[in-house]
Protein chains: 2
Amino acid sequence: MSALRARFHVRVVAAARPAVPRHSSRLGVPKRTWSSAGAMRMAAAKPFHKDEPAAPVLKTKIPGPKATEAVKQLDAVFDTRSVNMMADYTQSVGNYISDPDGNMLLDVYAQIASIPVGYNNPELRKVAQTPEMVDAIINRPALGNFPSHTWAGILQSGVLKVAPKGLNNVYTAMAGSDANEIAFKAAFMYKRQQERGGPHVDFTAHEIETAMNNQSPGSPQLSILSFKSSFHGRLFGCLSTTRSKPIHKLDIPAFDWPQATFPQLKYPLEEHAEDNARAEQASLDEVEHLIKTWHLPPAAVIVEPIQSEGGDNHASPAFFQKLRALTRKHNVLLIADEVQTGVGATGKFWAHEHWNLEDPPDMVTFSKKAQTAGYYYSSKDLRPNKPYRQFNTWMGDPSKALLFRAIINEIERLDLVNHTAAVGDYLFGKLSGLAGKYPDHFQNLRGKGQGTFIAFDNPKRDEFLAKAKDFGINIGGSGANAVRLRPMLTFQEHHVDILIEALEKVVKAL
Amino acid sequence: MSALRARFHVRVVAAARPAVPRHSSRLGVPKRTWSSAGAMRMAAAKPFHKDEPAAPVLKTKIPGPKATEAVKQLDAVFDTRSVNMMADYTQSVGNYISDPDGNMLLDVYAQIASIPVGYNNPELRKVAQTPEMVDAIINRPALGNFPSHTWAGILQSGVLKVAPKGLNNVYTAMAGSDANEIAFKAAFMYKRQQERGGPHVDFTAHEIETAMNNQSPGSPQLSILSFKSSFHGRLFGCLSTTRSKPIHKLDIPAFDWPQATFPQLKYPLEEHAEDNARAEQASLDEVEHLIKTWHLPPAAVIVEPIQSEGGDNHASPAFFQKLRALTRKHNVLLIADEVQTGVGATGKFWAHEHWNLEDPPDMVTFSKKAQTAGYYYSSKDLRPNKPYRQFNTWMGDPSKALLFRAIINEIERLDLVNHTAAVGDYLFGKLSGLAGKYPDHFQNLRGKGQGTFIAFDNPKRDEFLAKAKDFGINIGGSGANAVRLRPMLTFQEHHVDILIEALEKVVKAL
């Protein structure tokens, strides 16, 4: 455990009831306080969102009549078959998602892990109404050609303020998928530049001609190496690296890129150290073998700090340290895909901070909780050698960058990364208790020391998720059998208690 | 000319000076009024943007000292080599883009054709401040899973209100590139579903297994056919169809997809009818040959109504009608890429309306002036047969859909599509005059009857574009030699006169 984590490691000891919210309580909130090494942290027990209900509110079966009607209307024009729940965001607050029938569920899925600081956060509301935001919305620039004179300041006071150590440049994008794809493009351009002999060596006429015909060498025979069960998005390039589920990939042409087995660890990690180390070494050996032998040499390896869509699969810091060394050894770039793990949920701002690397990843991609997207990169060498090589009309969106800055400010104001580390420990402890009591229903509990980024397997997973709504919880799944917890950063101990009580009811009802 | 266009075909006849704007005039504004068939349309002569300067304002050489300093600051963290002009959007108004040194240029490039109704448009400003917009910004949903109960209404009163005829469903996206890619995905899924025997035939175990390994048949050996010199975006799938410039494609792996020659027409079109018809037929023959013989059979053909980035290349309605018939004959889908041509600039809301098709394209992609993005599609057959096949976290952005609705309302309020058709005719007439006077500098003038979507070739194109700033004009290029005009929809006759006067000065200074 790092020094930072240890400092905020908490123990539940005594009594300090949170301020009574305006809504009536349906589930009791246990008394408790926070103790950290040295200082009482009473503040953490106060609710971050004053207007939250004290507990979930269930007025109808979900979907209720109004939600059902709204889905029907939407279906006439928009694909609704993946609708999980019709929402009413005007009534949602903090950690609670509302629906048109007046139900309010504790939301530990948070728009597929993309809401950072609560629904209708008052600080974000203020920022959304500033002249700066209005300007950004109605005068959207083509950032590569006509950036605003305020753009550098917006980046420096926001996106770059939280840049991972060693990565102080950014290309902005729109979402996680295109963030990964432009990182891939940067990797390919960098690799070919090296092969060509450096940034000052120009393209040959043959390269130019073949590129226009989608042929090698202009369109090079290179690849991106990813891991089995990974998820990196669903555009054509990133989908070629995604290996999560067939439904993501079927019928879509793909590049013949290599995949290595991701270590399949046994949980609890500490009880299977030897087996796990062996699995990690086997994975690394496979990576090295593929780098050396794949018919389309990898320009980069992309990896999630925790495989998220693939079922919350973890690996140790040692694995990632060795992966970094291996990619460095073979002159292959390392891209950390922090689209789902980034922005605080693992108890670090970036999950790859858990790896304690001396030599950082070459690029880190981000989106979701950041609301904007892009990739951080380590050096100007990774800027393509000519303009217009990494370019598109918008190249991001200043209004989203302003929103991310407001989110960062809120995270700092409330110390939400350390808070999430602490609440995660509390949550993991409570889930361990449930797992002891119902071992069949809470298998492979994982995410210890990783903030609230926690998951477990349940043999009746889909039923589990559906049933949770009956007890006031909106919760998501991943992989084949995992129930994944993706609460917001303002998720607190009293929410944990509500969640745990509800999960026990779910299990009993299964 | 269609009946609609004919109705608003205008002739410049007489005098009605626009209201005097607050800024001092540098270039005289000629007197004129509008006459349409039957009714005087005096309203059109009034400036849409009351606060615009009467003419460009030049205070420094561009870039001035403040802009230079701002670029330097930005370069430390963001790639600035493609910066055309550092802008100050807080001071920009209507058709005028401002910079930090107080210069105000008449902007006929409009953020690479993506600003529809003027900088700091007051109606958009109002909408940007509504509670509905603030809610959309701070509570961004995962639309596929948790749509808002207001989403159907937002679509129906906005995006779908302007749906192309026959295409009354939509998948929303973030930008033109991903809009094209998800349209490709829909095409591949549709094609494979047909090959499989229909929507109710399930995937085989072999398909599932091979898809996970990026191999056929799960990852099918299919393609998208595009045209030489086309531009469809720069992600890995759409870049494989983009054939505009080597700098867009070099060093990026690509799919081995087919390209047909786009008809290379001679201008003025009416003087080369026979040659042009021959070129179009040759192109169609090549398309048919490729469809029948390419080793990766095309699931769709994608085409721009006017090739934009590729240099403003036109083709006749007859060409597109035959292309529609050809794709129908061979059971290949037709995708119209209206990312740049859509939303009014050609004098129709969608440029493909000029084709007068009875059988519409299967999909129409859009973005840029719409601020949001996506594809319209013709029937529920094009909805993949299972949920989660066309899916990602956000699937668009309600805040941008609200913005598009406001833009649509502004277009309707000011009748901007018909207005643009009329102003385009006026502009084309004036440019024809210049071309008569300076034939070497205004070669291949094109875009007659296509609103303000007009271009010409200049042998010193890059100098031309740079020099234009000295005379108060921000103007863009495309292809190898084209100067392309992409003014906003609120571009008016008095702007045309300023532009024409400046262009003549540019030419004299070259």
Side-chain angles (χ1 to χ4, degrees), chain A residues 70 73-74 77 79 81-82 84-90 100 111-112 119 124-125 128 134-135 137-139 141-142 144-146 148-149 152 155 160 169 174-175 181 185 188-189 192 203 208 211 214 218-219 222 234-237 246-247 249-254 256 383 387-388 391-393, chain B residues 70 73-74 77 79 81-82 84-90 100 111-112 119 124-125 128 134-135 137-139 141-142 144-146 148-149 152 155 160 169 174-175 181 185 188-189 192 203 208 211 214 218-219 234-237 240 246-247 249-254 256 383 387-388 391-393:
Chain A
Q73 281 179 18
L74 182 58
V77 294
D79 188 352
R81 292 165 303 170
S82 55
N84 178 314
M85 177 180 164
M86 180 60 71
D88 179 349
Y89 295 104
T90 66
Q111 307 302 321
I112 318 179
Y119 295 114
L124 299 197
R125 180 179 297 282
V134 171
D135 171 76
I137 292 170
I138 66 176
N139 302 313
N145 278 168
F146 303 96
S148 160
H149 66 302
L155 289 175
L160 288 166
N169 275 260
M174 313 281 288
E181 293 222 343
K185 289 177 71 168
F188 288 124
M189 290 189 268
R192 287 292 296 133
F203 309 116
I208 288 171
N214 293 6
S219 302
L222 296 172
R234 302 181 61 167
L235 301 167
F236 283 81
I247 201 74
K249 294 175 69 71
L250 274 156
D251 295 349
I252 313 300
D256 188 16
R383 274 193 196 178
Y388 287 103
F391 189 86
N392 56 61
T393 299
Chain B
Q73 281 179 18
L74 182 57
V77 293
D79 188 354
R81 292 166 302 169
S82 56
N84 178 314
M85 176 180 166
M86 180 60 70
D88 180 350
Y89 295 104
T90 66
Q111 307 301 322
I112 319 180
Y119 295 114
L124 298 198
R125 179 177 299 281
V134 171
D135 170 78
I137 292 169
I138 67 176
N139 302 312
N145 279 168
F146 303 95
S148 160
H149 66 302
L155 290 174
L160 287 166
N169 275 260
M174 314 280 287
E181 293 223 342
K185 290 177 70 168
F188 288 124
M189 291 189 267
R192 286 292 296 134
F203 310 117
I208 288 170
N214 293 6
S219 302
R234 300 181 61 166
L235 301 167
F236 283 81
S240 292
I247 201 74
K249 293 175 68 74
L250 275 156
D251 294 350
I252 312 302
D256 188 16
R383 275 195 195 176
Y388 287 104
F391 188 86
N392 56 62
T393 300

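Throughout, a chain's letter reflects where its sequence line sits, starting with A, and its residues are numbered from 1.
Put simply, of B/S148, B/S240, B/A175, the one with the most heavy-atom pairs under 4.5 Å next to chain A is B/S148. Ranked by heavy-atom pairs under 4.5 Å with chain A, the first of B/I112, B/D256, B/L124 is B/I112. Between chain A and the residues B/G144, B/P253, B/A254, the largest count of heavy-atom pairs under 4.5 Å involves B/P253. Contact count against chain A (heavy-atom pairs under 4.5 Å) is highest for B/N145 among B/N145, B/I252, B/L235. The candidate from B/M189, B/R125, B/Q73, B/M85 with the greatest count of non-hydrogen atom pairs under 4.5 Å with chain A is B/M85. Of the listed residues (A/R234, A/K249, A/M174), the greatest number of heavy-atom pairs within a distance under 4.5 Å of chain B belongs to A/R234. Contact count versus chain A (heavy atoms, under 4.5 Å) is highest, among B/P141, B/S82, B/A128, for B/S82. By number of non-hydrogen pairs under 4.5 angstrom with chain B, the leading residue of A/V77, A/N392, A/D251 is A/D251.
Rounded to the nearest 0.5 angstrom, A/L250 CG and B/R192 CZ are separated by 9.0 Å. A distance of 11.0 Å separates NZ in B/K185 from CZ in B/F391, rounded to the nearest 0.5 Å.
Of the atoms belonging to A/L160, it is side-chain heavy atoms, and not backbone ones, that fall under 4.5 Å from chain B. Looking at A/F203, only its side chain comes within 4.5 Å of chain B, counting heavy atoms on both sides.
Residues satisfying the side chain to side chain contact (heavy atoms under 4.5 Å, CB included) criterion with A/D135, sequence neighbours excluded, are A/N139, B/Y89, B/T90, B/N120.
A 4.5 Å side-chain heavy-atom check between A/R383 and A/N169 finds at least one atom pair inside the cut-off.
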